[in-house]
Amino acid sequence: MTREAAGGIRCGLCRFGSEPVSPQPPRYNFRETEAKWQKVWEERQTFQAVMDPARPKYYVLEMFPYPSGRIHMGHVRNYTQGDVIARYKRAKGFNVLHPMGWDAFGLPAENAAMEKKVHPKKWTYENIATMKAQLKSMGLSLDWSRELATCDPTYYRHQQKMFLDFWKAGLAYRKEAWVNWDPVDNTVLANEQVIEGKGWRTGALVERRKLTQWNLKITHFADELLSRLDTLDRWPEKVRLMQANWIGKSRGARVFWDLTDASGTDRGKLEIFTTRPDTLFGASFMALSVDHPRVAELAATDPGLQHFIAECRKTGTAAAELETAEKQGYKLPFLARHPLEPGRMVPVYAANFVLMEYGTGAIFGCPGHDERDHEFATKYGLPILPVVMPKDADPKSFSVVEAPFVEDGIIVNSGFLDGLDVEAAKVKVIARLEEMGVGKGTIQYRLRDWLVSRQRYWGCPIPAIHCDKCGVVPVPEKDLPVKLPDDVTFDRPGNPLDRHPTWKHVKCPTCGGDARRETDTFDTFIDSSWYFDRFTSPHLQTAPFDRDENHYWMPVDQYIGGVEHAILHLLYSRFWTRAMREVGMTTRDEPFDGLFTQGMVCHETYRAADGTWLLPEEIERSGSKVVRLSDKSPVEVGRSEKMSKSKKNVVDPDQIIRDYGADTARWFMLSDSPPERDLEWTEAGVTGAWRFQQRLHRVATEAMELLPPIGTAGPASFSEAATELRRAAHRTVAALSADIEAFHFNKAVARLYELANTIGNAAPKDDSHKWALREALEIFVRLIGPMTPHLAEELWQALGHKTLLAEEPWPAAEQALLVDNTVTVAVQLNGKLRGTIQLAKDAPKDVAEKTALALPEIARGLDGKAPKRVVVVPNRIVNVVL
RNA sequence: GCCCCCGUGGCGGAAUUGGUAGACGCGCCUGACUCAAAAUCAGGUUUCCUCACGGAAGUGUUGGUUCGAGUCCGACCGGGGGCACCA
């Protein structure tokens, strides 16, 4: 039998050729076996989830993929982890829901349309077909009957309906504002989608444009989204922290200042926000955003100000990279009257560092106690008044020159606030401002509303109609869904919907006159904000989901995905759930009970002499050198980085599964690296995992010849060796269960290696030992079920079972076998290990002490003297102190 | 700049949360099988001293708490991540 026929490694990855091999034990034919069991599971619909209120449910979900073309190793890792949980929970008796779908709208489809002249729909559905086949080859315990694609009108019609409900409830609105424009994708982006001033997909520097766009009122839930984070105790701390920072709650005050012009004529009020009302007496100027309405007003008649605003906007776009952009101001023809000292007037500026989007778009400047204000005041020669000083400083001589004093301290030069600390002063000044009617304590959030309009074709149409007479009106429910037209062209940049000859021309549903459809589509993050709800009743026509089904399955018990969605997708989903609650669709607050963020899959990078990147399969190792396969030229090996097409450090899951099998790929994904950390993909690691599969099959097959028949009753008593083997097996059950629950898959794998070694080394001598060997093997096979399901199913059958392992319960550990009668206790002399003693479990302290002191190493150290102290920790350690 | 996380053999990583550091795997070394290689099996593998028995040191550096510190506290060094004119 050739290696090829046995389903072994092909020479592409393993470079030792494919010559016939000498007779040896038949290898495990993974290809045949994996296909066989996948077919059985599918035919028996083993993984189809059916609501059953009598049984406890468990909803396992991995973040659904974008159908980009082919699955990558990140998917393999993600879905393997989810599948371990799903199969484990199923064995533990839960009614498991483990669905899969497609995040199918998005720009790559449009780019493909432009580059390859293929329609986005065709491209998307072809990719889905390819990737679905790939996922099926992994042997995942998915309920494919619930598959959905967000680009399907049967999906997005419900999304449009929900949007209309939100609109009615005041949670969706249109607003003209400065927005982030991605010049490469030709669309606007939400705040969360701009990273370091660049578009999250394209990396292009975003521009600012003033546009009227649809927004969802996520800020309505800002406080709840923040405070509820505390209750998400099965979420990573890191993610909760990132969301908390993003929401950015600040306590402070709004303060009203009267404005006058130089002649003292009243020019209205100016409202500012500050988190430091305690430093109000240190005010030396006011600053308004260049986008502030009052500034726009003045600019109308002031060419100098117009020029200043234009300059700021210019740097505004580039400022993202120039983080140390200089503070600049333009003096406005106003003076502001200090609200607490009516005799005091301070100058008013338009300034480039004040953001219109935060607070009120205006601030008071306190250069003594704020970095930015200090820089500004220094530049424009404004006074710096210290109003907070360190606790031990002298109020007469304390001054701020070089740098502002931003720490806690004692208030000075501030009238009724003098002598207080910062916190107390804040309370007192807010009370006074409120009393005087010139300000009030407020809470300010950094979070802004979610801008959801996108000027793109391949997305869910926004169901709105623009009528010159009636304004913006919703599409009547009976007309939903608003379907995307298929006949569109991609020969020019811009939105194909907008230039479609007929699509946008409709009658106004209110007045019947000529009107235009909204040609923007939704941000695709909306599609993924409720797909987990849709999975609970994916085929329901009349509503997004059935209440009972949804109530039974939701929330997602375990959600698994990349940490890159810590803010975007996870925050949007939390919002959407609350919006649905607001319009009465659900009573739930949170969609995801448990969250796990898996690490990335990394690989070394390879570069040829000419600097071009090489695929891992284009290189070979000869000794310690790495050379190019084609011409043996030297290759520079770079550090391991996240697998990416641009650096070509990718390994195709298809090829791995073809050459080594799905079980090997899964096993390797779970080995070694903790799942939340990055995983280094190595060829050695894969072949190691592959060898273990082969070894397991061999060990099990060999052991089976010694086993008593299936169902043999247990012996009356067990030999010493048999009991030891049983202990090992049952202990592994207990430990492994805990490891899986805690997402410690790498530790679980290590324990399985140990048990495999123990089983492999067991040479049964008596009948009870043979019985124990069968027990251990059966336990072992059940335990590997969630990780390498095909091999496990095969061995289960080989053990004589007629049932499907996938439908078998998880083994139970016998408590009696988990506890040892004797324990090994370490003995230390002055904290240093000197030896170990065997003691009965829970032996009394004095017995432990006596035994320890009798140890030759200890007696020698004591040299006849009595120890100063003996610390005894039962079952752990004895420390003899001299 | 602010906030958070992490530094353990040649490598990935364990360590019951203050109690025998280095489980398990990879790699490497030695041996068996083989004409030979691959595969497989057995043994070894933190460092230093010792033929060995054994001993000493050791978890980024440094100080502390403790009978006892990889684990707790302080300072520093290095790596990673998030936020960044958010008033």
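Everything numeric here is computed off the predicted structure, so don't read it as measured data. Throughout, a chain's letter reflects where its sequence line sits, starting with A, and its residues are numbered from 1.
Closest approach to the A:S673 side chain among B:G12, B:A14, B:A57 is made by B:G12 (side chain taken as heavy atoms from C-beta onward). Comparing B:G19, B:A14, B:U20 by their nearest atom to the side chain of A:L833 picks out B:U20. Comparing B:C4, B:A84, B:G13 against the side chain of A:N746 picks out B:G13 as the nearest. When each of B:C85, B:C67, B:G13 is scored by its nearest atom to the side-chain atoms of A:V871, the top-ranked nucleotide is B:C67. Considering only side-chain atoms of A:W246, the nucleotide from B:G25, B:A87, B:A84 that sits closest is B:A84. Nearest to the side-chain atoms of A:S250 among the listed nucleotides B:C24, B:C41, B:A87 stands B:A87.
Residue A:N757 contributes atom CG, which lies 13 Å from atom C1' of B:C41 at whole-angstrom precision. Whole-Å rounding puts the A:L670 CG to B:C26 P distance at 16 Å. Rounded to whole Å, atom P of B:G12 lies 19 Å from atom NE2 of A:H744. Atom CZ in A:R869 sits roughly 9 Å away from atom P in B:G68 (whole-Å rounding). Atoms CH2 (A:W667) and P (B:C24) sit 14 Å apart, rounded to a whole Å. Rounding to whole angstrom units, CZ of residue A:R695 and P of B:U40 are separated by 10 Å. Atoms CD1 (A:I247) and P (B:G82) sit 18 Å apart, rounded to a whole Å. Taking atom CZ on A:R751 and atom P on B:G13, their separation rounds to 18 Å, with Å as the unit.
A gap of 13 Å separates the P atoms of B:U8 and B:U71, to the nearest Å. Remark: the separation of the P atoms in B:G19 and B:G68 is 15 Å, to the nearest Å. For the P atoms, the distance linking B:C6 with B:U45 amounts to 32 Å, nearest Å. Atom name C1', nucleotides B:C4 and B:A87: the rounded distance is 23 Å, in whole Å. Between the C1' atoms of B:U62 and B:C77, the separation comes to 10 Å (whole Å). Rounded to a whole angstrom, the distance from the C1' atom of B:C26 to that of B:U17 is 28 Å. Nucleotides B:G27 and B:C51 have their P atoms positioned 33 Å apart, rounded to a whole Å. Comparing B:C73 with B:C5, their P atoms sit 11 Å apart, to the nearest whole Å.
No engagement by A:T682 is indicated, since no non-hydrogen atom pair under 4.0 Å with the nucleic acid exists. If you check every strand for non-hydrogen atoms under 4.0 Å, A:F273 touches a base. At a threshold of 4.0 angstrom between heavy atoms, the contacts of A:R691 are confined to the sugar-phosphate backbone, with no base atom among them. When heavy atoms are screened at a 4.0 angstrom cut-off, A:Q828 is found touching base atoms of the nucleic acid. Among the atoms of the strands shown, only primed sugar atoms or phosphate atoms (P, OP1, OP2) are found under 4.0 Å from some heavy atom of A:V881. Note on A:D373: nothing from the nucleic acid sits closer than 4.0 angstrom, heavy atoms only. Among the heavy atoms of the strands lying under 4.0 Å from A:L355 is at least one base atom, whether or not backbone atoms are also near. If you check every strand for non-hydrogen atoms under 4.0 Å, A:K747 touches sugar and phosphate atoms only. Within 4.0 Å of A:T836, counting heavy atoms only, lies at least one base atom of the nucleic acid. Note on A:N761: only backbone sugar-phosphate atoms sit closer than 4.0 angstrom, heavy atoms only; bases stay farther off. Nucleic acid contact for A:V825: none, since no nucleic acid atom lies under 4.0 Å from a heavy atom of the residue.
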Practice task
Walk me through it: do A:T219 and A:D449 pass the test side chain to side chain donor-acceptor pair (under 3.5 Å)?
Solution key: CA-CA 6 Å; A:T219 54; A:D449 278 339; 2.7 Å; yes
Exercise for the section: List the steps, then state whether side chain to side chain donor-acceptor pair (under 3.5 Å) holds for A:T360 with A:E271. Expected result: CA-CA 7 Å; A:T360 62; A:E271 182 181 3; 6.0 Å; no
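With a cut-off of 3.5 Å on both pairing distances, the Watson-Crick or G-U wobble partner of B:G10 is B:C26. In this structure, B:C33 forms no base pair with any nucleotide, since neither Watson-Crick nor G-U wobble geometry is met with both distances under 3.5 Å. Figure legend. B:A39 is base-paired to no nucleotide; pairs are counted as Watson-Crick or G-U wobble with both atom distances under 3.5 Å. Nucleotide B:A15: unpaired (no Watson-Crick or G-U wobble partner with both distances less than 3.5 Å). Of the nucleotides present, B:U62 is the one that pairs with B:G74 by Watson-Crick or G-U wobble criteria, both distances under 3.5 Å. Across all strands shown, B:C83 forms a Watson-Crick or G-U wobble pair with B:G1, both key distances being under 3.5 Å.
Proximity of the aromatic rings of A:Y380 and A:Y349 is defined here by a centroid distance below 6.0 angstrom, and this criterion is met. A ring-centre distance under 6.0 Å is not found for A:F668 and A:Y660.
Remark: side-chain polar atoms of A:N352 are paired, donor with acceptor, to backbone N or O of A:E326 under 3.5 angstrom. Of the possible donor and acceptor atoms, none in the side chain of A:E371 sits under 3.5 Å from a partner among the backbone N and O of A:P404. Checked by atom type and distance alone, the side chain of A:R834 never pairs as donor or acceptor with a backbone atom of A:V827 at under 3.5 Å.
For the pair A:R240 and A:W235, the cation-pi test (distance below 6.0 Å, angle within 45°) is failed.
Residue-to-nucleotide contacts include no donor-acceptor pair under 3.5 Å from the side chain of A:K868 to the base of B:C67. No N or O donor and acceptor, one from the side chain of A:R834 and one from the base of B:U20, sit under 3.5 Å apart.
The pair A:K426-A:E423 meets the salt-bridge criterion, since a charged nitrogen lies less than 4.0 angstrom from a carboxylate oxygen.
Glycosidic conformation of B:G10: anti, with the torsion beyond 90° of 0.
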